Amino acid sequence: MSNTVLSFNSVSVVRDGNAILDGVEWNVTADQRWVILGANGAGKTTLVQLAAAASHPTSGTVTVLDEEVGKADLAELKPRIGYASSVLAGRIPKRETVLDVVMTAAYAVTGRWHEEYEEIDVRRAKRVLAEWKLDSLADRAFGTLSDGEKKRVQIARSVMTDPELLILDEPAASLDLGSREELVTLLGGYASDSRSPAMIVVTHHAEEIPIGFTHAMLLRDGAIVAAGELAATLTSENLSETFGLPIDVSSEGGRYTARARPQE
Ligand SMILES: Nc1ncnc2c1ncn2[C@@H]1O[C@H](COP(=O)(O)OP(=O)(O)O)[C@@H](O)[C@H]1O
Ligand SMILES: [Mg+2]
């Protein structure tokens with residue numbers, strides 16, 4: 001059996017007559033952890049929405065977990081994919097407790113209605129909360145959390161169903177330095193665990209790439225500038241082309257830094 005979890009075959013997305021993604025080829029296997037880098041508007045969110053089976057390509061095929069997006073039964077596919085983005089965060093009721101936000105994922109619903117939760121769900125939710133350093137916040141209302149805590153709750157919710165693919169769209173956006181480092185460290189631990197699912201994380205910043213990530217895709221104007229093994233892909237040359245200005249990349253201890261090259 002193939003351990004491919006995701007493949008894109010000449011995938012294009014056209015909106016309002018504009019090609020937002022153009023001829024994307026991509027393959028992700030279960031042991032890989034991908035970072036997607038690109039400027040605002042490069043097409044990153046459009047790309048991961050396809051990978052999350054949350055939208056369809058205009059042409060080409062997207063196959064997720066052996067199901068073709070657009071043809072598969074979404075109700076069966078969705079719980080197998082963990083997906084967190086700021087848009088989804090906005091749909092979480094502010095008064096819902098942290099434990100409920102995470103536990104309701106077991107039923108793939110947002111907001112707690114009348115479900116009866118199994119004891120096994122409660123136990124799993126508590127374990128997931130502990131994994132993401134949220135155990136002391138289980139009874140807090142989601143709306144009262146800090147930005148960093150909210151991001152961790154969203155990730156905990158995304159992994160509650162034990163997905164085979166985890167997709168995080170800009171998980172560290174808007175976080176202060178301490179919260180960012182806390183999150184990147186947790187993501188690094190998760191990525192480094194061989195029991196974890198395939199991961200795709202979108203970011204603008206090389207500094208937000210966690211340890212344990214194996215691959216990178218660099219996107220510019222809906223097309224791939226470079227994609228492949230992380231160290232070979234995240235070069236100064238490729239990043240300069242991606243962001244359209246001269247950039248120097250360096251790495252230390254598995255973490256990356258990128259800065260504009262000083263003009264002569
Ligand atoms: N539904 C849509 N209709 C028209 N244009 C869109 C739509 N969604 C995204 N776009 C445009 O597609 C481009 C890529 O968007 P997006 O995937 O959100 O980029 P990123 O996440 O890299 O910032 C942007 O120029 C955006 O304005
Ligand atoms: Mg985006």
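Values reported hereafter were calculated over all heavy atoms of this structure, with side chains retained and with hydrogens, waters and symmetry mates removed. The model shown is predicted, which means the values in this text are computed figures rather than measured ones. Along the sequence shown, residues are numbered consecutively beginning with 1. Atoms within a ligand are numbered from 1 in the order they appear, just like the ligands themselves.
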> Apply side chain to side chain contact (heavy atoms under 4.5 Å, CB included) to the pair L234 and I209, showing each step before the final yes or no.
CA-CA 11 Å; L234 208 67; I209 301 173; 3.6 Å; yes
> Can you tell whether the side chains of D248 and R259 come within less than 4.0 Å, N to carboxylate O?
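R259 and D248: not salt-bridged.
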> Please name the pair of heavy atoms, one in A191 and one in R33, separated by the smallest distance, quoted to 0.1 Å.
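So the two residues come closest at O-NE, 2.6 Å.
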> State, yes or no, whether a side-chain contact exists between S158 and L166 at a heavy-atom distance under 4.5 Å.
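A side-chain contact exists here, since the closest heavy-atom pair is under 4.5 Å.
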> The Mg ion (ligand 2): which protein N, O or S atoms are under 2.8 Å away?
T45 OG1
> Taking only Lys NZ, Arg NE, NH1 and NH2, and the carboxylate oxygens of Asp or Glu, determine whether K151 and E170 approach each other closer than 4.0 Å.
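E170 and K151: not salt-bridged.
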> Any ion pair linking K133 and E149 (charged N to carboxylate O, less than 4.0 Å)?
no
> Quick one: does R140's side chain get under 4.5 Å of T97's, heavy atoms only?
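No, every pair of side-chain atoms sits at 4.5 Å or beyond.
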> Any side-chain heavy-atom pair from F8 and V69 closer than 4.5 angstrom?
no
> At what distance, to the nearest 0.5 angstrom, does CD of E182 lie from CG of L187?
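It is 11.0 Å, given to the nearest 0.5 Å.
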> Which protein residues come within less than 4.0 angstrom of ligand 1, counting heavy atoms only?
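Around ligand 1, where the cutoff is 4.0 Å for heavy atoms, the contacting residues are R15, D16, I20, A39, N40, G41, A42, G43, K44, T45, T46.
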